[in-house]
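Numbers here are sequence positions counted from 1. Counting starts at 1 for both ligands and their atoms, in listed order.
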Amino acid sequence: MGQARILVVEDEVIVARTIASQLSQLGYIVTGTASSGNAAIAKALETQPELILMDIILKGEMDGITTASKIHDQLDIPIIYLTAYGDEHTLERAKITQPFGYVVKPFTTKDLKIAIEIAILKHQLESELRESRDQLATLFNSMSDAVIATNEQGAVTFMNPAAEALTGWQQKDALGHEATKIFHIVNEVTEATLENPVTKVLREQQVVYLGESTSLITKSGKRIPIGDSASPLKRRPDQINGVVVVFWDLSERQQTKLLEQALEKEQEVNRLKSLFISTVSHEFRNPLTVVQTAVELIEMQGANLIDAKRAIYLKRIQGAVQSMEKLMEEVLFMGRAEAEKLIYNPAPLTLKQFCLELIEDFSIAESSLCEIIFTCHHENTFAVMDEELLRYMFGNLLSNAVKYSPRGGDIQFNLIYDQIEKVAIFNIQDQGIGIPEADQARLFESFYRASNAQSIQGTGLGLVIVKRCVDAHRGQISVTSEVGIGTTFTVILPLNSELALTEADE
Ligand code: ATP
Ligand code: MG
């Protein structure tokens, strides 16, 4: 302090000199003196002082107040009036020019110094304030996020251009209106009006965020998905002066997300298709090699081939052809199910009888590697289901139970006929190798095989087919298993699957 550059405007030359010498004594630099308004303006422009001491009575047409207001229009220099006029009228006029001080003559050097120091400090603070306000305004105006501020009654006090663009309201029309009117939000799905975040912040006195699926209704009634947060504006920690809501348009992000999801799905479908083709061709190659080798051996040995050997080779060929047939059937079934052309033909049947017949057929085909023990304590087991799909379902589950069990192990097949719940519960329980827990969740995926089953032949399609058949009946399937102890598959089917289907569709 003390080095400030000051211009003295005073009509009395002697007084001007006295003030100038007082200022010099106080350590200030006097950039010049002027006795008329015009001279003052010229000196101010020329010497760019940091402060002007202005008398109100001046020589010429302009008085000090008019001069000050002209300077004020062109330059940002604080002005202190030095005057003998302390009357109301002059004071009111002077106030319009926003002076930084008003010192009534006669004054002491000390009065002068205090007035100057305070004016310079005030001016400096004001510049800083203006600068940060400008910065803030630039920030809000260039922000892509929309900002609306309100007072403590929830009336709009500010909107940035992004908020104007998004809501369709101009700041000048929105000012003073309830924020709920300008910022009207609804649930995207139910279309119900949601509580306005401004109201919520004023009540809860803390930051709040919008839930998912929120849409803004614009002035023209358009719906735009948005995300937002609202925070209290506090001048003191315990006093809310208003709310600031920041929100942004999510429509583009939502569209990008949908596109990404569609793309991911397509990539996944393509990946599965390639995997399917490569796995299926690989699976066909094994039995084909068996056939080829057996045929070559028969050819090579020609007339020397003894009957016993011929029977072995023919059996190998037969086995390979059978496994190719099974694979083909599975692939065709999958193809039909994928194209949603799975023919579902429910018809009345007696479940107990169906199961007994199935087990009999199965035991003949699998040449009784294991014993299947069937239990059902109900006599009347009438149901409406698709017999062919049931055959696929339980045929696959039984063949797994046999395949993944040691030779000669028992397999339990239980049927519970629950007339109250109107469901049939089937349990197929074996004492086989079991399924590691980590694999259990993925068993119903195409080609998925548990880590402990790799040495046993299989494609990993059986359970996928089972699941499709269960789904066609609107049923459920679950598995419990422990490695080395055994596995139980439970299938629950509605007794009248036809009815379940219609109910689910309604
Ligand atoms: P396939 O397509 O010839 O039936 P797969 O038997 O390997 O081949 P799924 O029937 O789909 O295929 O069974 C998938 C996997 O689930 C099997 O590879 C095996 O790891 C496991 N699994 C299924 N049933 C049992 C079971 N009863 N005991 C142990 N593991 C089983
Ligand atoms: Mg299987």
Side-chain angles (χ1 to χ4, degrees), residues 272 275-288 290 319-338 342 358-359 361-363 365-366 368-374 389-414 426-472 476-491:
L272 283 177
L275 179 71
F276 192 84
I277 291 166
S278 67
T279 316
V280 167
S281 46
H282 174 81
E283 290 299 322
F284 270 110
R285 210 165 285 146
N286 284 341
L288 267 178
V290 173
V321 169
Q322 264 172 10
S323 81
M324 281 197 281
E325 227 174 54
K326 180 171 175 279
L327 185 60
M328 205 146 90
E329 211 174 294
E330 285 183 345
V331 169
L332 286 175
F333 190 102
M334 293 281 297
R336 282 205 307 271
E338 289 304 337
L342 191 68
L358 178 88
I359 291 166
D361 293 349
F362 184 81
S363 303
E366 298 277 325
S368 328
L369 293 169
C370 294
E371 195 181 345
I372 301 168
I373 302 160
F374 178 69
L389 297 188
L390 288 185
R391 224 174 272 284
Y392 270 117
M393 204 186 295
F394 296 113
N396 267 303
L397 289 175
L398 283 176
S399 100
N400 277 350
V402 173
K403 187 159 69 163
Y404 298 110
S405 292
R407 202 172 260 269
D410 282 346
I411 291 160
Q412 304 282 340
F413 187 172
N414 297 333
F426 305 82
N427 288 304
I428 294 172
Q429 185 179 11
D430 64 50
Q431 294 158 356
I433 60 169
I435 306 165
E437 212 179 320
D439 294 312
Q440 290 179 15
R442 300 188 58 190
L443 294 183
F444 299 100
E445 290 176 19
S446 300
F447 306 117
Y448 191 81
R449 307 203 63 221
S451 48
N452 61 341
Q454 305 298 328
S455 61
I456 304 168
Q457 226 192 9
T459 327
L461 286 178
L463 285 182
V464 185
I465 292 176
V466 171
K467 178 81 168 72
R468 293 286 147 83
C469 297
V470 172
D471 289 346
Q476 287 162 13
I477 182 164
S478 57
V479 61
T480 54
S481 184
E482 213 170 311
V483 173
I485 306 269
T487 303
T488 305
F489 277 93
T490 303
V491 175

Q.
Tell me whether ligand 1 is touched by G460 - counting only heavy atoms on the residue side and a distance under 4.0 Å.
A. yes
Q: Of the side chain and backbone of L463, name the one, both, or neither that has a heavy atom under 4.0 Å from an atom of ligand 1.
A: both
Q. How does T487 reach ligand 1, if at all, at less than 4.0 Å between non-hydrogen atoms: by side chain, backbone, both, or neither?
A. side chain
Q) Under 3.5 Å between some N or O of ligand 1 and some N or O of N452? A) no
Q) So which protein heavy atom does atom 16 (O) of ligand 1 come closest to, and at what separation? A) L443 CD2, 3.3 Å
Q) Where the closest heavy atom to atom 31 (C) of ligand 1 is concerned, which of F444, F489, Y404, Y448 has it? A) Y404
Q: Tell me which part of D430 gets within contact of ligand 1: side chain, backbone, both or neither, using heavy atoms under 4.0 Å.
A: side chain
Q: Examine V464 against ligand 1 and note whether any of their N/O atoms are separated by less than 3.5 Å.
A: no
Q | Element-labelled atoms of ligand 1 that are located less than 4.0 Å from some non-hydrogen atom of K403 | A | 3 (O), 5 (P), 6 (O), 8 (O)
Q. Between Q457 and ligand 1, which residue portion shows a heavy-atom distance shorter than 4.0 Å: side chain, backbone, both, or neither?
A. neither
Q) Between F413 and F394, does the ring centre distance come in under 6.0 Å? A) yes
(Q) With rounding to the nearest 0.5 angstrom, report the CZ to CE distance, F489 to M393. (A) 13.0 Å
Q: Nearest 0.5 Å please: distance from the OG atom of S405 over to the CD atom of Q429.
A: 10.5 Å
Q: Nearest 0.5 Å please: distance from the CG atom of L398 over to the NZ atom of K403.
A: 13.0 Å
Q) Hey, is ligand 1 close enough to G458 that some N/O pair sits below 3.5 Å? A) no
Q) What distance separates T459 OG1 from K326 NZ, expressed to the nearest 0.5 Å? A) 5.5 Å
